[in-house]
Amino acid sequence: MPIRLYDTARREVVPFEPGPLVTMYTCGITPYDATHLGHASTFVFYDVLQRRLIDLGHQVRCVRNVTDVDDPLFAKARELGVHYLDLAAGEEARFNRDMEALEALPVHSAPRASSAISDIRGFIGMVLDRGYAYVVDGSVFFDVSKSPGFGEISHYTNEQMVAFARERGGNPDDPAKRNPLDFVLWHPSAPDEPSWDAMWGPGRPGWHIECSALALRELGTTIDLHGGGTDLIFPHHECERAQSEAATGEPFVRHWMHVAMVHMDGEKMSKSLGNLVFVDKLRETYDPRSIRLGIIEHHYRREWEWDESLMPRNHARLLAWLGSVGAGGSATSLLDAVRERLDDDLDTPGALALIDEAAKRGTDVTPAAAVLGVNLGRPVSVG
RNA sequence: GGCGACGUGGCGGAAUGGUUUACGCAGCGGCCUGCAAAGCCGUUUAUCCGAGUUCGAUUCUCGGCGUCGCCUCCA
């Protein structure tokens with residue numbers, strides 16, 4: 001039985017049947033401000049998936065980019081009076097420390113957008129050569145009218161997308177654009193922003209292009225699974241797919257997987273709202289394994305709300321699991337049952353419930369916990 | 001407006017086509033205590049509304065109502 005996962009584009013749970021080598025691309029962070037529990041949540045779920053795929057005998061090649069060339073980063077650097085790459089490096093390091101503490105497996109590569117400018121230029125050249133983009137005054141726009149599949153991941157109609165763009169003042173009436181939904185692949189930089197030379201004029205990449213360029217560079221034309229948070233479905237992934245398929249003429253992604261948002265105070269936890277919980281702050285009080293458990297006690301497709309009882313509850317859970325170490329009892333059937341839960345659209349809440357019960361019964365749950373990335377081989381530690 | 005998620009006791013949150021609907025917090029009673037706290041034992045309270053399918057629905061279907069999210073800063 002292959003693992004089954006929900007595919008955003010197909011809108012149903014389908015078998016996920018990659019070859020021996022699985023290529024995965026997850027959209028990483030823009031390191032301009034504190035990375036928080038919501039980010040950690042997204043990547044911990046991909047880590048659980050990666051672990052299960054390895055457990056099934058696959059080799060996994062997962063790429064997770066870092067968007068260190070983008071508007072919010074420049075704005076924040078301007079505000080703080082620091083170089084944008086210094087700001088990015090600090091936040092990226094913080095994120096990496098969090099992921100390491102949470103015992104996420106290392107990704108195959110974590111390329112920065114700033115390292116990919118030449119790839120991006122080459123990629124834009126491919127899109128232009130194939131007639132899917134046009135140049136206006138040093139800006140390169142993607143021509144959405146050439147991409148009839150635009151909207152098939154998010155399931156928005158063209159009319160809807162146009163209406164939204166107009167409503168939101170998303171510059172749909174920019175006279176340079178042929179179609180209101182056309183988006184930027186390259187554009188001139190503001191005076192205090194970084195700028196790179198290009199055949200069509202100096203400037204910097206648009207938001208979506210780096211992921212397409214990096215996915216092609218690191219993983220090839222068609223990747224097995226692509227994901228990120230649900231907030232990236234539209235427009236980011238829609239645009240990525242359009243430009244990638246324009247550039248290569250091949251399908252971009254076989255399976256789209258998105259992780260739901262973490263909320264706090266009834267709203268999405270987000271940098272702009274400031275309603276944040278930080279992993280490094282939690283680590284001052286709790287073992288990182290408790291934090292991982294606190295994340296995966298939820299299902300990845302269901303939004304959830306941070307609340308104060310989460311950590312005490314999962315601290316207790318970790319202690320109960322640790323208490324089972326060395327106990328007798330056969331763990332083989334438990335391990336199989338946990339694997340079965342994961343193969344059913346990554347049912348981590350179900351897996352945790354099985355392990356809770358087994359620990360209570362006095363079965364050593366070490367192997368089952370390991371499948372979820374929870375190592376019971378050491379005592380509780382904090383800080 | 002479109003799309004999506006969700007509506008279980010005072011709160012959070014599981015589970016299920018069928019005798020007694022988990023668990024945690026709070027509440028209540030008791031044990032303990034000089035008094036209290038903690039701890040322990042016991043215990044009260046629930047499936048948004050309507051229609052349908054069914055011998056039987058909280059669970060499945062349809063329609064309402066409500067909450068939330070997304071809709072070019074976003075994991």
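Chain identifiers are assigned alphabetically (A, B, ...) following the order of the sequence lines, protein sequences preceding nucleic acid strands; residue numbering begins at 1 within each chain.
Here A:Arg4 pairs with A:Met1, A:Val13, A:Pro15 under the side chain to side chain contact (heavy atoms under 4.5 Å, CB included) rule; sequence neighbours left out. For A:Tyr25, the ring pair (Phe, Tyr, Trp, His ring centres under 6.0 Å) test picks out A:His226, with sequence neighbours left out. With sequence neighbours left out, A:His58 forms a ring pair (Phe, Tyr, Trp, His ring centres under 6.0 Å) with no residue at all.
Taking atom P on both B:rA15 and B:rA51, the two are 28 Å apart, rounded to the nearest angstrom. Nucleotides B:rG12 and B:rC6 place their C1' atoms 15 Å apart, quoted to the nearest Å. B:rU44 and B:rG29: their P atoms are spaced 15 Å apart (whole Å). For the C1' atoms, the distance from B:rG66 to B:rU8 is 15 Å, rounded to whole Å. When the C1' atom is compared between B:rG56 and B:rC74, the two are found 48 Å apart, to the nearest whole Å. B:rU59 and B:rC48 have their C1' atoms separated by 15 Å, with the value rounded to a whole Å. Rounded to a whole angstrom, the distance from the C1' atom of B:rC70 to that of B:rG63 is 25 Å. Taking atom C1' on both B:rG4 and B:rA38, the two are 46 Å apart, rounded to the nearest angstrom.
Heavy-atom distances to RNA chain B give each of A:Asp231 and A:Glu297 a nearest nucleotide, and the one nearer the 5′ end belongs to A:Glu297. Toward the 5' end of RNA chain B, the nearer of the two residues A:Cys27 and A:His208, judged by each one's closest nucleotide, is A:His208.
Out of B:rG69, B:rU72, B:rA75, the shortest distance to the side chain of A:Leu181 is found at B:rU72. Between B:rU72, B:rG69, B:rA75, one nucleotide has an atom nearer to the side chain of A:Pro235 than all others, and that is B:rU72.
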Exercise. Could you check A:Tyr300 against A:Asp345 for side chain to side chain donor-acceptor pair (under 3.5 Å), going step by step and ending with a plain yes or no?
Key: CA-CA 9 Å; A:Tyr300 79 93; A:Asp345 196 25; 2.5 Å; yes

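Counting to the nearest Å, the C1' atom of B:rC74 and the NE2 atom of A:His237 are 12 Å from each other. As rounded to whole Å, 12 Å separates atom C1' of B:rA14 from atom NE2 of A:His298.
Among the protein residues, A:Thr30 comes within range of the sugar-phosphate backbone only, with heavy atoms under 4.0 Å from sugar or phosphate atoms but none that close to a base. Using a 4.0 Å heavy-atom criterion, one finds that A:Gly228 contacts the sugar-phosphate atoms exclusively. Among the protein residues, A:His36 comes within range of the nucleic acid bases, having at least one heavy atom under 4.0 Å from a base atom. Within the nucleic acid shown, A:Gly28 comes within 4.0 Å of sugar-phosphate atoms alone, with no base atom in reach, counting heavy atoms only.
Taking side-chain N and O atoms only, A:Trp207 has a distance below 4.0 Å to OP1 or OP2 of B:rC74.
Residue A:Asp137 qualifies as open at atom CG: its count of foreign heavy atoms under 6.0 Å is 12 or below.
A:Tyr134 has its ring centre no less than 6.0 Å from the ring centre of A:Phe142. A ring-centre distance under 6.0 Å is found for A:His258 and A:His237.
A stem is defined here as three or more consecutive Watson-Crick or G-U pairs, each with both distances under 3.5 Å; for RNA chain B these stems are B:1-7 with B:65-71, B:10-12 with B:23-25, B:27-31 with B:39-43, B:48-52 with B:60-64.
Side-chain polar atoms of A:Ser154 and A:Glu238 form a donor-acceptor pair below 3.5 angstrom.
Using a cut-off of 4.0 Å between Lys/Arg side-chain N and Asp/Glu carboxylate O, A:Arg121 and A:Asp197 are scored as not salt-bridged.
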Give every pair of a protein N or O atom and an N or O atom of nucleotides 3-6 of chain B that lie under 3.5 Å apart, one pair per line with the distance.
{"unit_1": "B:rC3", "atom_1": "O3'", "unit_2": "A:Arg11", "atom_2": "NH2", "d": "3.1"}

Could you go through residues 82-92 of chain A and list every donor-acceptor pair under 3.5 Å that involves a side-chain atom there, pairing it with any protein atom two or more places apart or in another chain?
{"unit_1": "A:His83", "atom_1": "ND1", "unit_2": "A:Leu85", "atom_2": "N", "d": "3.0"}
{"unit_1": "A:Glu92", "atom_1": "OE1", "unit_2": "A:Arg112", "atom_2": "NE", "d": "2.7"}
{"unit_1": "A:Glu92", "atom_1": "OE2", "unit_2": "A:Arg112", "atom_2": "NE", "d": "3.4"}
{"unit_1": "A:Glu92", "atom_1": "OE2", "unit_2": "A:Arg112", "atom_2": "NH2", "d": "3.3"}

